[in-house]
**Q** 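Dumping the structure here so I can ask a few things about it.
By convention here, the first residue in the shown sequence is residue 1.
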Amino acid sequence: MDLEDIKQILSLVREHDLSEFELEREGLKLRVRKASAAVPMQAMPMPMPVASPMPAPVAAPPPQAGPANAAPEETVGGVELAVIKSPIVGTFYRTPEPGARAFVEVGDTVKKGQVLCIIEAMKLMNEIESDCDGEITAIYVENGKPVQFGDRLFAVRVR
């Protein structure tokens, strides 16, 4: 090993920001360690780990087609309304393709399992189905607008 080899090793240590490098070859042992202004490791007190509370993970529903979250949330004039909520984050579409007729309109009668809209999430088109029979009384989201998990999409007068 000559001076050029050592210079090349030092250059690599700097380039890769290594704190220590050791090489042993043919009876030669080379150790490069960066000096620091800090106290040597042996004299440094080891910090005790402190447990910090982690927020509980929120399980998101799988982004798949199927019945939406419907819950009897509203009562208007003694009539129970099921509010269909978004099961995923994405873009809300009332039609199967641009220029096509909407899946449902206010006043339409729907059956359980009928497609109400599409929510596009990560380039996947997810059909959102009704999980109750009834009449559409409100559509809360405009076509092409983003929706979040749990956003209200439709109100259905349950029959």
**Q** To the nearest 0.5 angstrom, please state how far the CD1 atom of I84 sits from the CD atom of E129.
**A** 10.5 Å
**Q** Evaluate the criterion side chain to side chain contact (heavy atoms under 4.5 Å, CB included) for residue pair V156 and V110; output intermediate values, then yes/no.
**A** CA-CA 8 Å; V156 180; V110 295; 4.2 Å; yes
**Q** State, with a plain yes or no, whether a side-chain heavy atom of I88 is found less than 4.5 Å away from one of N126.
**A** yes
**Q** Drop me the distance from E127's CD to L116's CG, to the nearest 0.5 angstrom.
**A** 10.5 Å
**Q** Show me the donor-acceptor pairs within less than 3.5 Å that the side chains of residues 89-98 make with the rest of the protein, sequence neighbours left out.
**A**
residue : atom : partner : partner atom : Å
Y93     : OH   : E120    : OE1          : 3.3
R94     : NH2  : V104    : O            : 2.9
R94     : NH2  : E105    : OE1          : 2.8
R94     : NH2  : E105    : OE2          : 3.4
T95     : OG1  : E97     : O            : 3.1

**Q** Given V83 and L153, is the side chain to side chain contact (heavy atoms under 4.5 Å, CB included) satisfied, shown in steps?
**A** CA-CA 7 Å; V83 177; L153 303 176; over 6 Å; no
**Q** List the atom pairs, with distances to 0.1 Å, where a side-chain N or O of residues 132-139 and a protein N or O form a donor-acceptor pair under 3.5 Å, not counting sequence neighbours.
**A**
residue : atom : partner : partner atom : Å
D133    : OD1  : K112    : N            : 2.6
E135    : OE1  : R157    : NH1          : 3.3
E135    : OE1  : R159    : NH2          : 3.1
T137    : OG1  : A155    : O            : 3.2

**Q** Mind checking what makes side chain to side chain contact (heavy atoms under 4.5 Å, CB included) contact with E142, not counting sequence neighbours?
**A** K145
**Q** Does the pair V115 and I128 meet the rule for a side chain to side chain contact (heavy atoms under 4.5 Å, CB included), with working shown?
**A** CA-CA 6 Å; V115 176; I128 307 303; over 6 Å; no
**Q** Would you mind reporting whether I118 and F103 have side-chain heavy atoms less than 4.5 Å apart?
**A** yes
**Q** Quick one: closest heavy-atom pair of C117 and F154, and the distance?
**A** SG-CE1, 3.8 Å
**Q** Minimum heavy-atom separation for Q148 to S86, with atom names?
**A** O-CB, 3.4 Å
